[in-house]
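Just so we're clear, the structure is a prediction, and the values are computed from it rather than from any experiment.
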Amino acid sequence: MSYVHNNKNPVILKNDPIDPGDTDWIYFSYENWLRNGETITLHSATVDGGLLVTDSTYLGNMEDTEGLTHSEVYGVQFTAGNEIGELVTIKHRKLTQTSGDVDLGRNIEHSAVLTVKML
């Protein structure tokens, strides 16, 4: 299931909880966020309420569970904590640069939050 970030608050994945101690991937697509001539030059992830397993990895194009293809996708693998009701927050930070005489690059973080729940 895809969620759209509003660029103000973390995305709450209310329909996608995770089992205590499970390991999973979360994906961030920047196809509609990047401006013309802007590229991501550095990227990394942190996890609160769980453990980072695989840091931010560029995946390119990827199809979601609904059959939609997304571009500029980055994946982060994480393990949830063991406490039911705990929140897991995955933060994805990226540094961008732009082409042209003046670099109008950004240093931005987007976050997603999942609830630990026995499924």
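In terms of the side chain to side chain contact (heavy atoms under 4.5 Å, CB included) criterion, residue partners of Asn6 (sequence neighbours excluded) are, by chain and number, Lys8, Asn9. Under the rule for a ring pair (Phe, Tyr, Trp, His ring centres under 6.0 Å), Phe78 has no partner lying at least two apart in sequence or in another chain. Qualifying salt bridge (Lys or Arg N to Asp or Glu O under 4.0 Å) partners for Asp19, counting only residues two or more places apart in sequence or in other chains: none.
When all heavy atoms of Ser71 and Ser29 are compared, the closest pair comes out as O-OG, 2.8 Å. Of all non-hydrogen atoms in Lys117 and Pro17, the two that sit nearest each other are CB-CB, 3.8 Å.
Counting only N and O atoms by type, the side chains of Asn61 and His70 include no donor and acceptor under 3.5 Å apart.
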Requested in this report: Could you go through the side-chain contact (heavy atoms from CB on, under 4.5 Å) check for Thr57 and Val76 one step at a time?
Outcome: CA-CA 7 Å; Thr57 303; Val76 176; over 6 Å; no
Query raised in the report: Between Leu114 and Ile26, is a side-chain contact (heavy atoms from CB on, under 4.5 Å) present by the stated rule, with each step listed?
Result: CA-CA 10 Å; Leu114 298 93; Ile26 189 163; 4.2 Å; yes
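Two different hydrophobic clusters hold Val113 and Val88 under the rule that ILVMFWY side chains link at heavy-atom gaps under 4.5 Å. No single ILVMFWY cluster, assembled from side-chain heavy atoms under 4.5 Å apart, contains both Val73 and Leu68. Both Ile18 and Leu13 are part of a single hydrophobic cluster, where members link through side-chain heavy atoms under 4.5 Å apart.
Side-chain contact between Val116 and Glu83 is absent, with no heavy atoms from C-beta onward closer than 4.5 Å. Side-chain contact between Ser111 and Val11 is absent, with no heavy-atom pair separated by less than 4.5 Å. The shortest distance between side-chain heavy atoms of Met62 and Thr69 does not fall below 4.5 Å.
Contacts classified as ring pair (Phe, Tyr, Trp, His ring centres under 6.0 Å) and involving residues 6-29 (residues at least two apart or in different chains) are given here: Phe28-His92.
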What pairs of donor and acceptor atoms, side-chain ones from residues 102-110 against any protein atom, are under 3.5 angstrom apart with sequence neighbours left out?
residue : atom : partner : partner atom : Å
Asp103  : OD1  : Thr98   : N            : 2.9
Asp103  : OD1  : Thr98   : OG1          : 3.4
Asp103  : OD1  : Gly105  : N            : 2.9
Arg106  : NE   : Glu38   : OE2          : 2.9
Arg106  : NH2  : Trp33   : O            : 3.1
Arg106  : NH2  : Glu38   : OE1          : 2.7
Arg106  : NH2  : Glu38   : OE2          : 3.3
Asn107  : OD1  : Arg93   : NH1          : 2.8
His110  : ND1  : Lys94   : NZ           : 2.8
His110  : NE2  : Asn7    : OD1          : 2.8

Donor-acceptor pairs are to be reported for all side-chain atoms of residues 39-53 against protein atoms at under 3.5 Å, with residues two or more places apart or in another chain.
residue : atom : partner : partner atom : Å
Thr41   : OG1  : Leu95   : O            : 3.1
His43   : ND1  : Ser56   : OG           : 2.5
Asp48   : OD2  : Lys91   : NZ           : 3.0

